[in-house]
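Letters A, B, ... mirror the listed sequences (proteins, then strands); counts begin at 1.
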There are 2 protein chains.
Amino acid sequence: MNNLSNTYDEILACARSLIIAGGYNGFSYADIADVVGIRKASIHHHFPSKVDLVRTLVARYRKEAEEGMANLEHQVSDPLELLRFYTGYWEACIMDDSAPFCVCALLASQLPVLPEEVGLEVRAHFRSLSAWLTAVLERGARQGEFQLMGTPHDEAEAFMATVHGAMLSARAYGDPKIFGVVTSSLLERFSS
Amino acid sequence: MNNLSNTYDEILACARSLIIAGGYNGFSYADIADVVGIRKASIHHHFPSKVDLVRTLVARYRKEAEEGMANLEHQVSDPLELLRFYTGYWEACIMDDSAPFCVCALLASQLPVLPEEVGLEVRAHFRSLSAWLTAVLERGARQGEFQLMGTPHDEAEAFMATVHGAMLSARAYGDPKIFGVVTSSLLERFSS
DNA sequence: GTCATTCTACCTTCTGGTAGGTAGTTTGTC
DNA sequence: GACAAACTACCTACCAGAAGGTAGAATGAC
C-alpha cells in the first residue's frame, strides 16, 4: 500500500481540519492544494474524487475513535472515570483549538446534502459511539455507581447529545470554556 | 417596504429550508430560483447578495423566536410547562419534517466559514435563547419547582446543548423519535 | 409616466474532474 | 548485473458546469 506516502496523509489531515471548520461543501481541492503545497490534479492521484477523499477520511476517523475507546478501557475501568476521560479528551481538543469539533458531528448536521457513501460512515460513527456509552453506563449502573433515571441506552443518547451540543455552543459563543461548563454539569449528575 | 411582496417571502422561506438541509454553502441562488419559479437575477433584485439574504433570514428567524418565547410566557406561567412547550415545539417540527433543525444551530456549526455579519446574528440567537432559558430555570428554582445542581445559567447552557444535540442525533440516525427520547429524559430531571 | 418586478444575456471566478506527459523508482527476467 | 516494463507521484494544461453577480431591456400595475 501507499499509506507510507507522506502526501497522502497530509491531504487527509488537511481535509480533516477544513471539514471541521466548514463541513463537506466548505472546502475545495484548491484549498487543500494550497495548504499541502501540491497541485489540484495531484490530489486526484491519491483520491480520485471528493467522495473518495471524505469517505476515506471518515472511515479512518471512525477507526481511530473505536481504537481510542477500546484503548481507554484497557487503561481505565471505572465507568465514571471513562466518561471523564471522554469529555476531557474533547475539552483538550477544543481548548487548544487543534480539533474543536467532531468530524462526524459536523458532517451529520449536513446529512441531507451529503453523498450517500459519506452519510453511511457518519451514521455508523454515531451508532458505535452510542453503543460504547451505553455499555459504560450499563456497567456503572450494575456496579451501583450510577443511578440512571432511564435505560442505559436512553441515557447514553442524552449524554452524547449533550456533548455534541456543548461543542456547538463553544463554537457559537466563540468561547471554549463553555464546553467544560456543560460537560462538568453533565458528569456531576452521574457522580452523585 | 416591500414585505408585502409574495416573492420576497417565498425566497426567504425557500432559503430557510435549504439552509436547514445543508447550511450556508449547501445551497445556491440557482436552487432557490428553481423552487420559487423565477430567474436567478430576480433574486438579486430582492437580495443583492447572498450575505444580504442570509442575514435577513437569520434576523427574521431571531425575531420570530423571541416573539415566540415572549408569547409563550403570556400563555403559560409554569416553568416546567414552558420547557415542555419549547421541546414540544421542536419535537413537532422534527416529526413532521417541516423544519427538522434550528437554522441558527446549523449555521453555528459552520461559523468559521460564515460571513461575519451572519455569524454575529447567529451568536445573538444563542445568547437570547440562553438568556430566556436561564430566566425560566431561575424562576423554577425560586418557586421551588426545580432543584438545580448548578447555577441557572450553567443549567440553561446544558439544557440548550442537549436540545441541539438531540436535533443532531435525530438527523444522524434518520430517526425523528430520538429527539423525543433525549428531551423527555432531559425534562424528567427537572420534573422530579 | 413612473416605479417595482422580472426577464434575457452576459461576466468572472471557482468547482470537481480529465488528458497526457515526465522524472524517478521497482520489479521481473535473462 | 543489465535492461526493459510497470508503477508512483507529481506536473501543465485543459474542460464543462456551477457559483455569485451585473447591465439593461421588457412588463405591468398604479
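Residue A:His45 places no side-chain N or O under 4.0 Å from the OP1 or OP2 atom of D:dC10. For C:dT6, the OP1/OP2 oxygens have a side-chain nitrogen or oxygen of B:Thr7 closer than 4.0 Å.
Distance CD1 (A:Ile43) to P (C:dT18): 14 Å, rounded to an integer number of Å. Whole-Å rounding puts the A:Ile32 CD1 to C:dG17 C1' distance at 14 Å. B:Asp52 places its CG atom 13 Å from the P atom of D:dG20, with the value rounded to the nearest Å. Atom CZ of A:Arg39 and atom C1' of D:dC11 are 8 Å apart (whole Å). We find that CZ of A:Phe47 is positioned 16 Å from P of C:dT18, with the value rounded to whole Å. Taking atom OH of B:Tyr8 as the reference point, atom P of C:dT6 lies 13 Å away to the nearest angstrom.
A:His125 and A:Glu121 share no donor-acceptor pair across their side chains, judged by distance under 3.5 Å alone.
A salt bridge does not link A:Arg60 with A:Glu64: every distance from a Lys NZ or Arg NE/NH1/NH2 to an Asp or Glu carboxylate oxygen is 4.0 Å or more.
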Protein N or O to nucleotides 11-16 of chain C N or O, pairs below 3.5 Å:
unit_1: C:dT15; atom_1: OP2; unit_2: A:Ser28; atom_2: OG; d: 3.3
unit_1: C:dG16; atom_1: OP1; unit_2: A:Phe27; atom_2: O; d: 3.4
unit_1: C:dG16; atom_1: OP1; unit_2: A:Lys50; atom_2: NZ; d: 2.9
unit_1: C:dG16; atom_1: OP2; unit_2: A:Tyr29; atom_2: N; d: 3.0
unit_1: C:dG16; atom_1: N7; unit_2: A:Lys40; atom_2: NZ; d: 3.0
unit_1: C:dG16; atom_1: O6; unit_2: A:Lys40; atom_2: NZ; d: 3.0

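Separation of atoms CG (B:Leu168) and OH (B:Tyr173) is listed at 10.0 Å; rounding is to 0.5 Å.
With distances taken from any side-chain atom of B:Ser42 to the nucleotides D:dC10, D:dT12, C:dT6, the minimum falls on C:dT6. Distance from the side chain of B:His46 is smallest to C:dT5 among C:dT5, D:dC10, C:dC7.
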Please tabulate, one pair per line, all N/O donor-acceptor pairs under 3.5 Å involving side-chain atoms of residues 76-85 of chain A, not counting sequence neighbours.
unit_1: A:Asp78; atom_1: OD2; unit_2: A:Glu81; atom_2: N; d: 3.1
unit_1: A:Glu81; atom_1: OE1; unit_2: A:Arg84; atom_2: NE; d: 3.4

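Annotation: side chain of B:Met167 is in contact with side chain of B:Ile94 (closest heavy-atom distance under 4.5 Å).
Considering only residues two or more places apart in sequence or on other chains, B:Glu145 meets the salt bridge (charged side-chain N to carboxylate O under 4.0 Å, His left out) condition with none of them.
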